[in-house]
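Here the structure is a predicted model, which means the values were calculated and not measured. A note on names: the letters A, B, ... follow the listed sequences, proteins ahead of strands, and every chain is numbered from 1. All heavy atoms count here, side chains included; hydrogens, waters and symmetry mates do not.
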Protein chains: 2
Amino acid sequence: MENKVTINDIARLTGLSKGTVDRVLHKRGEVSKKSYEKVMKVIEELGYKPNVFASLLAGGKGCLIAVVLPSGEKGSYWELAESGIAKVGADVEALGVRTQLFTYDQYKPESFHQTCTEVLEAAPDGVVLAPLFKEETSQFVLDLEEKGIPYVFVDSRLESEHYLAYFGMPMYQSGYLCADQLTGGFAIGSVLIVRVLRDKSRQADPTKNRRAGFIDYMLEHSPECSVSNIFIDPNDPDGTYQALDNYFKAHPETRHIVMFNSRIHLLVPWLSSHPVKGRRVVGFDNLPENVAALKRGTVSSLIAQRPDVQVKRAIEALAEAIVLQKLPPQKDSFMHMDILTRYNVDYY
Amino acid sequence: MENKVTINDIARLTGLSKGTVDRVLHKRGEVSKKSYEKVMKVIEELGYKPNVFASLLAGGKGCLIAVVLPSGEKGSYWELAESGIAKVGADVEALGVRTQLFTYDQYKPESFHQTCTEVLEAAPDGVVLAPLFKEETSQFVLDLEEKGIPYVFVDSRLESEHYLAYFGMPMYQSGYLCADQLTGGFAIGSVLIVRVLRDKSRQADPTKNRRAGFIDYMLEHSPECSVSNIFIDPNDPDGTYQALDNYFKAHPETRHIVMFNSRIHLLVPWLSSHPVKGRRVVGFDNLPENVAALKRGTVSSLIAQRPDVQVKRAIEALAEAIVLQKLPPQKDSFMHMDILTRYNVDYY
DNA sequence: AAAATTTCCGTGCACGGTAACGGGAAATCA
DNA sequence: TGATTTCCCGTTACCGTGCACGGAAATTTT
């Protein structure tokens with residue numbers, strides 16, 4: 001079609017055989033320096049691009065992409081991310097891409113380490129990685145680079161590495177947007193932030209920047225607003241409800257509530273049994289339970305980043321890079337913040 | 001890899017040759033009824049799927065997808081849609097898919113008709129179609145069906161046809177959502193709808209349902225709200241500003257403004273020179289000018305459907321259907337309503 | 001019954017690339 | 001100088017399909 005130049009053309013023009021050309025294309029040696037350069041020159045001039053079909057047909061192997069995620073419990077954020085693997089387009093699957101999931105315990109750095117060695121043993125052609133532990137990830141990434149395995153970050157990323165691309169949400173801005181959704185742009189008097197207790201694992205609080213963005217918005221738009229925090233234990237519903245009761249007994253004037261992680265659904269039973277007119281409740285991520293609460297009106301709006309789509313797009317970008325040698329246009333601009341309300345969530 | 005069964009296997013099992021098998025696969029006759037059935041039976045049993053690579057390699061032709069859109073002026077909605085063609089993934093392009101754009105004058109049914117005949121002459125393997133004229137589209141679609149050319153609707157669709165898929169926005173619900181964005185969920189006193197004058201062309205008002213959804217929301221949530229309409233001529237800026245001046249002189253209490261098409265940007269100069277605190281302005285579609293106004297704060301929020309993405313996904317769905325024989329999972333559920341504010345538009 | 005068609009089917013090459021195999025020439029060694 | 005090794009490179013057999021070509025068998029025509 002468009003790309004008429006084949007490996008045979010190059011062979012003819014260089015006076016060599018296609019076997020030799022193939023050897024330089026795959027850098028598998030046994031080629032004299034002179035021949036190597038001659039071939040490279042012609043390839044450059046003609047803009048030769050290998051035919052993917054022929055290559056896949058002959059090679060047959062296809063490629064393997066490892067997806068490394070925290071293990072996702074039922075209904076959790078990471079389960080949603082996991083589901084993205086099943087959603088990769090038929091077109092990239094047709095390109096011979098297989099994909100394998102590796103999970104780790106998000107609270108145990110050593111589990112992550114263990115998983116990383118498993119990944120390296122599987123010798124994938126590319127890795128999609130949701131990193132939680134900075135130090136361990138740095139090491140893993142070095143191993144990957146050494147082996148020349150490209151990798152894509154999902155959800156969060158390390159700053160200064162040579163990753164191929166990053167699919168995630170800008171945390172600070174998402175907090176800012178969240179505040180805008182909560183207030184509707186008008187000044188409010190007070191707001192309650194509900195946070196979860198964190199045991200001191202080695203991972204930093206992933207919602208820290210989001211909270212910062214929220215606070216900054218409030219300072220700019222509602223400087224006199226009082227912002228309170230309470231902490232709950234995700235595994236203790238009764239304690240959670242108790243904490244809410246206590247807070248609102250002491251601060252009956254507060255109405256709006258926000259959570260910066262995906263667990264707003266933990267508050268739903270309490271919210272349902274304590275309805276307040278004009279209360280706005282804003283959370284993050286389109287977990288099934290969150291969406292259900294949104295539809296019922298218990299939650300006002302969700303800021304979603306669709307981890308499933310992120311994983312899907314990460315795999316696709318990686319596949320294009322590996323199979324087609326097409327680099328993604330930008331490294332970091334694949335970031336979404338979608339506003340969900342009960343009126344558009346059905347079409348999401 | 002996974003699909004080990006080849007055309008040769010079938011040939012061997014049926015005692016025929018691969019030439020014959022190929023003939024039944026492509027229905028090009030010259031096969032006895034007995035052989036035909038024998039082959040079909042084995043194909044069924046083994047679940048034979050042709051190897052896309054080999055097929056593309058041997059056939060070479062690839063496929064042609066025609067994209068039929070209204071011609072888009074600079075900065076218009078349809079120009080945005082057009083840009084989606086350039087955004088189709090490298091993976092589907094690698095599948096040998098070429099794409100050709102056909103445009104028509106959105107105000108002239110005969111122009112559409114003319115374009116349709118051109119499309120038929122080009123003999124594409126699939127058609128992406130943004131239909132505006134109901135009658136002419138019905139006829140065109142019949143022609144396509146007769147030739148067995150699959151087609152996908154974009155932006156709007158005909159109700160009862162055998163289209164492969166539809167990518168668009170649910171109009172009624174978008175109006176409903178729009179009202180929710182405008183009011184923030186609270187009752188308001190009055191709102192101004194700005195509409196464009198329509199010459200009596202054969203196409204119906206495409207925003208009619210959207211307006212209906214808006215009105216219904218207002219009736220339910222702000223029953224006492226007064227809703228006014230004014231009409232402007234898109235080609236007459238001064239007249240537009242004059243109309244706005246007149247209206248607001250007579251109704252100084254009205255603050256919020258909404259438009260149901262993509263032309264909210266027409267009001268921007270007037271809005272900028274007549275700032276009102278607490279005024280909410282809501283429009284549709286992420287045209288560059290609209291987005292710019294959103295960033296400056298002149299427009300409060302936009303409901304966007306990303307026509308470019310719709311076209312892109314339509315092409316991809318069609319390509320998968322043609323090349324890989326994979327039907328899209330659902331016909332109609334590819335509909336988006338994205339809420340854009342100045343705080344998330346940068347990451348859109 | 002022989003000739004002329006028609007129907008049906010097998011053979012073989014092409015598509016572009018991969019990789020094993022083997023061999024000629026140069027370099028090293030005996 | 002002859003034998004052996006090393007370095008390069010050409011040859012060749014695929015990968016799974018598409019399709020043109022030609023021929024055998026079945027059918028019709030004279």
Side-chain angles (χ1 to χ4, degrees), chain A residues 1-40 42-43 46-63 93-96 125 322-325, chain B residues 1-43 46-63 93-97 125 322-325:
Chain A
M1 292 162 290
E2 60 278 5
N3 206 11
K4 292 290 294 179
V5 39
T6 77
I7 204 175
N8 287 306
D9 297 329
I10 299 175
R12 195 161 23 80
L13 288 176
T14 56
L16 295 162
S17 75
K18 57 180 196 158
T20 306
V21 176
D22 185 66
R23 268 184 287 266
V24 349
L25 283 175
H26 294 80
K27 303 179 205 287
R28 52 185 156 98
E30 310 207 352
V31 177
S32 70
K33 200 176 162 193
K34 205 171 74 177
S35 300
Y36 180 87
E37 283 166 358
K38 206 181 339 181
V39 171
M40 288 305 276
V42 176
I43 285 179
L46 301 198
Y48 166 78
K49 291 274 176 251
N51 182 319
V52 194
F53 309 132
S55 182
L56 267 289
L57 216 213
K61 302 170 305 298
C63 78
E93 278 179 1
L95 253 38
D125 303 283
I322 296 170
V323 182
L324 308 177
Q325 279 128 303
Chain B
M1 293 161 291
E2 60 278 7
N3 205 11
K4 293 289 294 179
V5 40
T6 76
I7 205 175
N8 286 306
D9 297 329
I10 299 176
R12 195 161 22 80
L13 288 175
T14 55
L16 294 162
S17 75
K18 60 180 192 143
T20 306
V21 176
D22 184 67
R23 268 184 286 267
V24 348
L25 282 175
H26 294 82
K27 302 179 204 288
R28 52 185 156 97
E30 310 206 352
V31 178
S32 71
K33 200 177 162 193
K34 205 171 73 177
S35 301
Y36 179 86
E37 283 165 358
K38 204 179 343 179
V39 170
M40 288 305 277
K41 183 156 163 282
V42 176
I43 286 180
L46 301 198
Y48 167 77
K49 291 274 176 249
N51 182 318
V52 192
F53 309 134
S55 182
L56 267 289
L57 216 212
K61 303 171 304 299
C63 77
E93 279 179 1
L95 252 38
V97 176
D125 303 284
I322 296 171
V323 181
L324 308 176
Q325 279 128 299

Return the nearest nucleotide to the side chain of [X]; candidates are [options].
X     : options                : result
A/R28 : C/dC9, C/dG16, C/dA19  : C/dA19
B/D22 : D/dA20, C/dT18, D/dT17 : D/dT17
A/E30 : D/dC8, D/dT17, D/dA20  : D/dC8
B/T6  : D/dC15, D/dC19, D/dT17 : D/dT17
B/L57 : C/dG17, C/dG16, C/dA19 : C/dG16
A/A58 : C/dG16, D/dT17, C/dC9  : C/dG16

Check: Counting just side-chain N and O atoms, does A/S32 come under 4.0 Å of either OP1 or OP2 of D/dC7?
Finding: no
Notebook entry, point to check: Between C/dC9 and B/S35, is there an OP1 or OP2 to side-chain N/O distance shorter than 4.0 Å?
Noted result: yes
Item checked: Minimum-distance pair of heavy atoms, taken over all atoms of A/V31 and A/R23 -> CG2-CB, 3.6 Å
Notebook entry, point to check: So which heavy atom on B/A94 is nearest to which on A/L324, and how close?
Noted result: CB-CD2, 3.8 Å
Next item on the list: Pull out every residue in residues 7-17 of chain B that has a heavy atom closer than 4.0 Å to any atom of DNA chain C, ordered by number, or say none.
Entry: B/G15, B/L16, B/S17
Next item on the list: Nearest whole angstrom, please: distance from the P of D/dC19 to the NE2 of B/H26.
Entry: 6 Å
Next item on the list: Would you mind reading off the distance between B/N51 atom CG and D/dG18 atom C1', rounded to a whole angstrom?
Entry: 13 Å
Next item on the list: May I ask you to verify whether the side chain of B/R23 and the base of C/dG10 hold a donor-acceptor pair under 3.5 Å?
Entry: yes
Notebook entry, point to check: Less than 3.5 Å between a donor and an acceptor, one on the side chain of B/K18 and one on the base of D/dG18, is that the case here?
Noted result: yes
Note to self: Just so I know, are the side chains of B/D125 and B/V97 near enough to count as touching, which here means a heavy-atom distance under 4.5 Å?
What the structure shows: no
Item checked: Heavy-atom side-chain proximity of B/I7 to B/Y48 below 4.5 angstrom -> yes
Next item on the list: Please list, chain by chain and in numerical order, all residues satisfying salt bridge (Lys or Arg N to Asp or Glu O under 4.0 Å) with A/D22, sequence neighbours excluded.
Entry: A/R28
Notebook entry, point to check: Relative to the 5' end of DNA chain C, which residue comes earlier, B/A54 or B/K33, by the nucleotide with the nearest heavy atom?
Noted result: B/K33
Note to self: Restricting to side chain to side chain contact (heavy atoms under 4.5 Å, CB included), what partner residues turn up for A/L16, sequence neighbours left out?
What the structure shows: A/T14, A/T20, A/S35, A/V39
Next item on the list: Run the numbers on A/V323 and A/L56 for side chain to side chain contact (heavy atoms under 4.5 Å, CB included), then give the verdict.
Entry: CA-CA 9 Å; A/V323 182; A/L56 267 289; 4.1 Å; yes
